[in-house]
2 protein chains.
Amino acid sequence: MKGEGGLDKRKAYILATVVYEYIATAEPVGSNTLTQKYNLGVSSATVRNELAELEAGGYLVQPHTSAGRVPSDAGYRTYVDDLMQPEELAGDDRRRIRDELRDASRELDEIIDHTTRLVGRLSKNLAFVTKPQPDTQVFRHLQLIWLSPRSGVAIVVTSLGVAAQSLFELASEIHADDLTRFSNALNARLSNRPLRDIGEDHVAAAASELGIDDELRGAVTQALRAARSNEGATIASAGAQNLLDQPEFQDLRKLRSILRIVEEQKTLYDLVADAIGTEKPSVIIGQELGLDELTDLSVVTVPYRFGEHAVGMLSILGPRRMPYGRLLALASGTAETLSERLSDVELK
Amino acid sequence: MKGEGGLDKRKAYILATVVYEYIATAEPVGSNTLTQKYNLGVSSATVRNELAELEAGGYLVQPHTSAGRVPSDAGYRTYVDDLMQPEELAGDDRRRIRDELRDASRELDEIIDHTTRLVGRLSKNLAFVTKPQPDTQVFRHLQLIWLSPRSGVAIVVTSLGVAAQSLFELASEIHADDLTRFSNALNARLSNRPLRDIGEDHVAAAASELGIDDELRGAVTQALRAARSNEGATIASAGAQNLLDQPEFQDLRKLRSILRIVEEQKTLYDLVADAIGTEKPSVIIGQELGLDELTDLSVVTVPYRFGEHAVGMLSILGPRRMPYGRLLALASGTAETLSERLSDVELK
DNA sequence: CCTAGCACTCCATGCCAAAGACTGCCAATG
DNA sequence: CATTGGCAGTCTTTGGCATGGAGTGCTAGG
């Protein structure tokens, strides 16, 4: 008898077939379906025995006595990790993605947005993309703009465009001249450093050198902090309506909580937050997501890069019964194209 | 016999009651319900006669023979225009809105976003808010930033913050000095003008005066055009999941197309685009929206102001059976608070 | 003009029987 | 000893049907 871990060849094939068939039909699959549609070389009775053992091993579950089998989380996991054959993105899909992204504007937000919509459409599921982590970006320019004797705006530009704008109002009067000198000093000092390496000490050093008062120094520190912060870490999402087509969402309560999660963004972000910075695609299945509302769902998530760093994740959320191979290929292909596109628009 | 237009007092009261009751219960309302729950002073038989006449007049419809009456578009229209008594926003709702908005950040997008979520939550419907029309804003500052010998960024700041950033790459070499001179000249010339009044001729005049080459002049024109353009006219939306609670959306196909419309944004924007700039709240009911997918829905939309101008609309989309009075009060109250908040964060 | 009463229509509900889809088990088989 | 055909048993799904209830329109009488 083989242990839990090592499925013999036939069991593995049967498990793969059950998962495959269930993904395709959304119906519990029984021994007859299997023997008829797939060439197993054994009778349905034999398959029944195997199915019973797969169920005992935790790979399959039965919704009720007289129904076929459905994969469990463990079943999907084994399928994704060991049984599934990797797919490639079709050549013309790849071309289409490239074409669509080329037409998108040169602005970061719009590129991300466009990509997300595209993936939502092609995947027929919910796509979401985290915006590039600000603190991995490279500082390019700080601009202090004089607006009135007591107020101004600080604008921080990174290699991906304007990262933060921050209005400041001071008690003391501002000299336009100070703004220019301070800006110039900071630009000379900080240019091309990663935002995450820029500390208050740099600002303080420049300020004391030039005799800049504390208030203005504080305003600049504040602006840099805002630019660096992953706080407002937002995502773009698209394709929520696709989920409605899935038979598993006839239940409106489930649907409602999913929509809420999508709208909130934060929960969605947290799902993949751990993975940001990693280089490998990953799949999170059902309960592994750690949320009651999402037990019927899975997420495929792949990193995209800006320059050398993996800076964000492109993800697809769909029913646990999603076509993992196809979606992994789609996500990876798109992430690659997105990465290329981002280096196109880099401010160099 | 009174004509179509002029309902006698009793008919008007009965119509109002039917609409009111239907809004509250979502069930077709019959003559018995009316006589029992509301003090009409006549018997149900009389009410039946009146109901039949209201139906003949087009104000009510009957889903089927043995059901009660439901308002038609015309019925709702009459209710909203003539019969409904205007409501006021409760004092503590008003205070709560003010408090919540005060805590929101000082950045335009976040304020709009926050407001939208708040209205979504309080209205228990879908809220959407158009961003302020760029061309009504006032030019404050143009900043040309030198990045490399052949590239730079143009940033346009208006009274509501950064309106556009636009990367430019030129064939000829850029002198940092030219950028500064050109920026200064344009700022002196354009400051405090509404964006919509700024034409290419201003840029051309400044350029020729300073001997700025055509390429750079083009880049700046481009940046100003981007800032002024209402193209990317986007909206914020929140509360889509609330619609699921409404009994009229058990039908998933309807729901799907509504979600798609919400995600696309453009259709939603177009619904209220005509109204932008007007000063009055308005209500659009069912078929008046002009979209098959939205026949069961209505929109309440009210303007908000920035300074002197109405610059955007705050809207609530919900079932045609929505509590118009309450939502109008909520929308108006919030729009007012939003307007105040915007002048707080104006760059003066 | 109003009202009580009544016949009628249509929908919603619950129930039951029949059909269908699987399974698990058993005894027979190569 | 793994495999198989057969079969009884279990559970869900479906359709039909009768019942009850809600509401109407109409009529005749106040």
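Here is the naming used below: chain letters follow the sequence lines, and residue numbers restart at 1 for every chain. Predicted, not measured: the structure shown is a model, and the values here were computed from it.
- For residues 40-47 of chain B, proximity to DNA chain C is found at V42(B), S43(B), A45(B), T46(B), defined as any non-hydrogen atom under 4.0 angstrom from a strand atom.
- Between the side chain of Q265(A) and the backbone N or O of I235(A), at least one donor-acceptor pair lies under 3.5 Å.
- For Q62(B) (side chain) and R69(B) (main-chain N/O), no donor-acceptor pair under 3.5 Å exists by modelled atom type.
- In this structure, the CZ atom of R48(B) is 18 Å from the P atom of dC1(C), given to the nearest Å.
- Here the side chain of N125(B) pairs a donor or acceptor atom with the backbone of S123(B) at under 3.5 angstrom.
- Between the side chain of S72(A) and the backbone N or O of G58(A), at least one donor-acceptor pair lies under 3.5 Å.
- A salt bridge is absent between K254(A) and E293(A): the closest approach of a Lys/Arg side-chain nitrogen to an acidic carboxylate oxygen does not fall below 4.0 angstrom.
- Salt-bridge annotation for K124(A) and D245(A): absent, with no side-chain N of the basic residue lying under 4.0 Å from a carboxylate O of the acidic one.
- When rounded to the nearest whole Å, the span between CG of N49(A) and P of dA27(C) equals 15 Å.
- Residues from residues 19-32 of chain A that place a heavy atom under 4.0 Å from any atom of DNA chain C, listed by number: G30(A), S31(A).
- Salt bridge status for D81(B) with R77(B): present, with a side-chain N to carboxylate O gap under 4.0 Å.
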*Determine, stepwise, if the pair D92(B) / R96(B) fulfils salt bridge (charged side-chain N to carboxylate O under 4.0 Å, His left out).*
CA-CA 6 Å; D92(B) 46 334; R96(B) 193 168 147 209; over 6 Å; no

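- Between E50(B) and R10(B), at least one side-chain nitrogen of the basic residue sits less than 4.0 Å from a carboxylate oxygen of the acidic one, meeting the salt-bridge criterion.
- Between the side chain of S332(B) and the main chain of A329(B), no donor-acceptor pair closer than 3.5 Å is present.
- Side-chain N/O atoms of S315(B) and T301(B) include a donor and acceptor closer than 3.5 Å.
- Open room surrounds OH on Y20(B); 12 or fewer heavy atoms of other groups in view lie less than 6.0 Å from it.
- The stretch residues 10-17 of chain B has no heavy atom under 4.0 Å from DNA chain D, so no residue of it qualifies as close.
- Residue pairs meeting the side chain to side chain donor-acceptor pair (under 3.5 Å) criterion with at least one member in residues 320-329 of chain B, sequence neighbours excluded: D73(B)-R320(B), Q246(B)-R321(B), E248(B)-R321(B), S298(B)-Y324(B).
- Contacts between residues 61-73 of chain B and DNA chain C, defined by a heavy-atom separation under 4.0 Å, are made by H64(B), T65(B), S66(B).
- Residue E88(A) qualifies as open at atom CD: its count of foreign heavy atoms under 6.0 Å is 12 or below.
- Atoms CD (E53(A)) and P (dT23(C)) sit 14 Å apart, rounded to a whole Å.
- A 4.0 Å heavy-atom criterion places the boundary nucleotides of DNA chain D facing chain B at dA22(D) to dG25(D), written 5' to 3'.
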